[in-house]
Amino acid sequence: MSTTATFPSDFFFGYATASAQVEGAPNADGKSPSIWDVWSHDPSHIKDGKTVDAGTGFYEKWREDIALMKSYGVNAYRMSLSWPRIVPSGKKGGEANAKAIAWYRDVLLELKANGITPFVTLYHWDHPQSLQEEYGGWLSEKMIVDFEYYSRVCFENFGDLVENWFTINEPNIHSMHGYKTGQQAPGRSSDRKISPEGDSSVEHLVVGHHLLLAHATVVKMYREEFKKGNEKRQIALVVNANWGEPMDDTPESILAAQVFFDCNSGWFSDPIVFGDYPQTLKDICGDKLPQFTEEEKKLVKGSTDFIAINHYTTMMIKKRTTPLDPSDQWNSFVPDIETSFFDKDGKEIAPEAGLIWCRTVPWGFGKLLDYLWKRYQLPIYISENGITCPNENDIPREEALHDDFRINYFTTYCDQMALKISEGVPIKCYLAWAFTDNYEWQEGYSARFGVTYIDYEDGLKRYPKDSAWALKKYFEERTAKEEGINDEEGRDRRCD
Ligand code: NOJ
């Protein structure tokens, strides 16, 4: 469905990336190893057997990249900071790395000089390896103290250049894949074929709890010490939120879809808005789920200035009727529900894309936006949204540049967003994933999410895909012009 609704002139449109996925330069200028540096060096962990070492070479090519980004018509860019680059020891009191700080400041200044507003994530899954070795990373409460210190260093050194902060990226995915399925660093799991250590029945819940407390601790510090009454300064947690549509209108399917939301997104979004976990999650996890003390509830409640979501797809949900495969650790978190890309009549709701977990289902995005607004009553920022095209990595570059599949995904999803804005849902920002192809975690470089093709065989050269121009045109045509922008007063206002 197409719509003529426009985006307001102050709407943010841009792209997102993350430090470990693009920077490369794993040892440059005093950086210490991250959990991904270490974990990706075992080729059995990664689909194409490649390490995170090269990334897209952003550490070298950032100027070229910002110029390219600018040519895509963006006014925003989401990036993350590398904890092991900025505080190599990782620890409270550890020396802040002046070279890393200077590099990030250069990047941020260049963005601003190009009229691009930075959205900065403090932690996108790449903490120092030393903290994993010393006390088990996010399994330990000690992490909260060290994350608070690192965040303080970031606020002190970049606070004059950054108004939009994200604390932690997708704690739900990080906990599940890092500590339950073992598919991502640090790769802990009960499955001894995957990991020598780990307890998939409980570790992800403990890690999730610590991530929430770390997030809320940092938000408190930011609000008390760095916000300084400046309403433009804001901070939020980024939650992965896909939509689960009931398979049919039976109470069982409706409940199953609610459980799907509560156990994936509500696990994190409910505490930061309401101060506690959803009841369904408590019921399912029993005493394995840590409890917040009264003090912690107060800390966590209201600890986000807006709802930031990474949204990718929609699935049909029903109560489980087939036996659960015991190796399916992802679904074993909520063993009573089944997810599917087929509806109740066995019809596919969308064709396959390049990865099995993501398909183009724009109507589900619309439903999610309605639901989030109704449930949380906070402005909504889309911090990621994207897809891989079928076989994209297996076809010649020239062919891959014509990514109509992705154009269809982006434009139909953005149409939903425009429609919801016209209906009064306060959506403020759209950051597509991703600016360039990059290191897709356990898929290595084999899954391409970018609007820019990276030639991994030829010096990491960049080639815009058709989707980069299509999305530029889409927003140009639909974004209201800023009033007074052509007069003196207008220009002055923009420079504020
Ligand atoms: C969400 C994650 O934040 C990002 O790092 C990842 O590459 C995309 N999803 C695509 O899977």
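Remember, it's 1-based here, ligands and their atoms both numbered in the order they're listed.
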Short list, please: which atoms of ligand 1 are under 4.0 Å from a heavy atom of [X]?
{"X": "His124", "answer": "2 (C), 3 (O), 4 (C), 5 (O)"}
{"X": "Asn310", "answer": "3 (O)"}
{"X": "Asn169", "answer": "2 (C), 3 (O)"}
{"X": "Phe449", "answer": "10 (C), 11 (O)"}

For residues 397-416, pull every pair meeting ring pair (Phe, Tyr, Trp, His ring centres under 6.0 Å), keeping only residues two or more places apart or in separate chains.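 Pairs touching residues 397-416 that pass the test: His311-Tyr413, Phe365-Tyr413, Tyr409-Tyr413.
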Hey, does Asn438 come in under 3.5 Å of ligand 1, counting only N/O atoms on both sides?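 No - when backbone and side-chain N and O of Asn438 are compared with those of ligand 1, no distance drops under 3.5 Å.
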So, are Lys47 and Glu440 salt-bridged, with charged N and O less than 4.0 Å apart?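 Salt bridge: no.
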Lys/Arg-Asp/Glu bridge criterion (N-O < 4.0 Å) met for Glu23, Lys31: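 So Glu23 does not pair with Lys31 through a salt bridge.
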For residues Met315 and Phe260, determine if any side-chain heavy atom of one lies less than 4.5 Å from a side-chain heavy atom of the other.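 Contact flag for Met315/Phe260 side chains = yes.
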Please examine the side chains of Ile421 and Phe11, heavy atoms only from C-beta on, and report whether any two atoms are closer than 4.5 Å.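 Sidechains of Ile421 and Phe11: in contact.
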Would you check if the side chain of Asn97 reaches a backbone N or O of Asp29 as a donor-acceptor pair within less than 3.5 Å?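 The answer is yes, because a donor-acceptor pair under 3.5 Å joins these two groups.
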Considering only non-hydrogen protein atoms, determine which one is nearest to [atom] and report residue, atom name and distance to 0.1 Å.
{"atom": "atom 8 (C) of ligand 1", "value": "Tyr312 OH, 3.3 Å"}
{"atom": "atom 7 (O) of ligand 1", "value": "Glu440 OE1, 2.6 Å"}
{"atom": "atom 2 (C) of ligand 1", "value": "Glu384 OE1, 3.4 Å"}

Taking ring pair (Phe, Tyr, Trp, His ring centres under 6.0 Å) as the definition, give me every residue that meets it alongside Tyr381, ordered by chain and number, with sequence neighbours left out.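 So Tyr381 forms a ring pair (Phe, Tyr, Trp, His ring centres under 6.0 Å) with Phe306.
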Region of Trp357 engaging ligand 1 - heavy atom pairs below 4.0 Å: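 Only the side chain of Trp357 comes within reach of ligand 1.
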